[in-house]
Amino acid sequence: MAITTNGQLLGLTGKVGPVVTYQWRGKWITRSFAAKPKNPQTEKQQKHRMLFKQEVQLAGRMNWVLRETMDAIAAEHGMTACNYFIKRNKAAFSAEGDKLVVDWSALVLSEGTVAPVAFGTPEVVGGTTLSIAFEGNPQHLPADNYDRVQVFAYCPDIEMAFLAIPVYRREGRLSVALPELFGGHEVQLWGMVQDAAGRWSETIYIGCGPIEITAN
């Protein structure tokens, strides 16, 4: 912005080319004109916005889990857990037409330096319960037997998330009582480990499948 000292700019007011001139508090002001941002609504832009909207919706459905697993690291980047999740998982997102495609096996839900565990194959042990054995310290890293092992389940068909009650690393097995609504649908499973200081391990993808869960 500039203040003219010799009156109006060439005796003109209003928009003149790339500048606008007007009087304010008895002085003539000349400043560059703020053009409206272009928004051509191209097909590519529309597609990008639609896919981003679906990414935000997915993060919203997982928000209560992400708030626990990603809040601290997101804060380090000046972001919310949901925004950090979207940024961190760009490599796991792609498009098929106007539909978001997620590489569930590559999805990051936690990250950190806590020693992981190695999960076995989930088994249905009756009703709606999955039993998952795990090796407590497969990489032989410094670890505490009282680290908490958790399993997160997501059912894309009904867009529902579920976080199992954690068990200690030393226990070697975790039982997951999934909601009956998951029955007959594909269920994605991940695991993560948290230590007493609240730090996390990297996300451990357990697997997926149309897990046939039957009511008791």
Side-chain angles (χ1 to χ4, degrees), residues 52 54-94 100 102-123 129-156 159-179 182 186-209 211:
F52 181 72
Q54 293 177 56
E55 292 170 9
V56 171
Q57 290 171 340
L58 175 63
R61 291 189 288 271
M62 295 182 171
N63 181 47
W64 61 282
V65 176
L66 300 178
R67 289 289 302 273
E68 182 173 345
T69 61
M70 284 189 160
D71 248 2
I73 193 166
E76 292 176 8
H77 293 79
M79 305 172 72
T80 66
C82 280
N83 287 341
Y84 184 76
F85 167 80
I86 293 171
K87 179 180 179 181
R88 184 67 176 80
N89 284 294
K90 290 225 174 269
F93 298 140
S94 59
L100 178 69
V102 182
D103 180 358
W104 303 106
S105 66
L107 209 63
V108 175
L109 299 162
S110 66
E111 56 182 288
T113 58
V114 175
V117 299
F119 290 96
T121 302
E123 301 175 353
T129 301
L130 295 180
S131 179
I132 308 173
F134 58 84
E135 187 177 345
N137 193 0
Q139 298 178 4
H140 305 291
L141 298 171
D144 191 315
N145 280 334
Y146 290 94
D147 289 341
R148 294 177 293 275
V149 179
Q150 291 189 269
V151 167
F152 174 57
Y154 183 72
C155 182
E159 300 177 340
M160 185 174 177
F162 179 83
L163 187 65
I165 297 172
V167 300
Y168 292 128
R169 185 191 293 271
R170 68 174 189 171
E171 294 184 38
R173 183 174 291 274
L174 186 148
S175 293
V176 185
L178 293 175
F182 281 20
E186 178 184 276
V187 176
Q188 300 285 341
L189 295 172
W190 301 266
M192 58 276 290
V193 184
Q194 184 183 37
D195 69 8
R199 296 168 298 202
W200 291 91
S201 70
E202 296 294 320
T203 308
I204 308 148
Y205 183 63
I206 299 173
C208 72
I211 301 175

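Treat the numbers as computed from the prediction; the structure is a model and nothing was measured. All values below were derived from every heavy atom in this structure, side-chain atoms included, with hydrogens, water molecules and symmetry-related copies excluded.
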Show the atom names and distances, to 0.1 Å, of all donor-acceptor pairs under 3.5 Å that link a side chain in residues 80-88 to residues at least two apart or in another chain.
unit_1: Thr80; atom_1: OG1; unit_2: Asn83; atom_2: N; d: 3.1
unit_1: Thr80; atom_1: OG1; unit_2: Asn83; atom_2: ND2; d: 3.3
unit_1: Tyr84; atom_1: OH; unit_2: Glu111; atom_2: OE2; d: 2.8
unit_1: Arg88; atom_1: NE; unit_2: Glu111; atom_2: OE2; d: 3.1

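Heavy-atom minimum distance, Asn137 versus Ala115: OD1-CB, 4.2 Å. Minimum interatomic distance between Leu178 and Ala153 (heavy atoms only, all atoms of both residues): CD2-CB, 3.7 Å.
Judged by distance alone, the side chain of Arg199 and the main-chain N or O of Thr113 form no donor-acceptor pair under 3.5 Å.
Considering only heavy atoms from C-beta on, Met79 comes within 4.5 Å of His77 through its side chain. You'll find the side chain of Leu109 reaches within 4.5 Å of the side chain of Met62, heavy atoms only. At least one side-chain heavy atom of Leu189 sits under 4.5 Å from a side-chain heavy atom of Val151. Annotation: side chain of Val176 is in contact with side chain of Phe162 (closest heavy-atom distance under 4.5 Å). Put simply, the side chain of Val56 does not reach to within 4.5 Å of the side chain of Leu58, judged on heavy atoms. In this structure, the side chains of Gln139 and Pro116 come closer than 4.5 Å at one or more pairs of heavy atoms. Using a 4.5 Å heavy-atom threshold, the side chains of Phe93 and Leu107 count as touching.
The aromatic rings of Trp104 and Tyr154 are tilted relative to each other, their planes meeting at an angle between 30° and 60°.
Within 6.0 Å of the CD1 atom in Ile165, the count of heavy atoms belonging to other residues, nucleotides or ligands does not exceed 12.
With values rounded to the nearest 0.5 angstrom, Ser131 atom OG is found 6.0 Å from Glu123 atom CD. Atoms CZ and CD1, on Phe119 and Ile204 in that order, are 5.0 Å from each other to the nearest 0.5 Å.
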I would like to know whether Gln188 and Glu186 meet side-chain hydrogen bond (donor to acceptor under 3.5 Å, both in side chains); could you show each step before the answer?
-> CA-CA 7 Å; Gln188 300 285 341; Glu186 178 184 276; 3.0 Å; yes
Evaluation steps, side-chain hydrogen bond (donor to acceptor under 3.5 Å, both in side chains), between Tyr146 and Arg170 | CA-CA 7 Å; Tyr146 290 94; Arg170 68 174 189 171; 2.9 Å; yes
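Qualifying side-chain contact (heavy atoms from CB on, under 4.5 Å) partners for Ser94, counting only residues two or more places apart in sequence or in other chains: Val101. Take Asp71 and apply the side chain to side chain donor-acceptor pair (under 3.5 Å) test, not counting sequence neighbours, and it matches Arg67.
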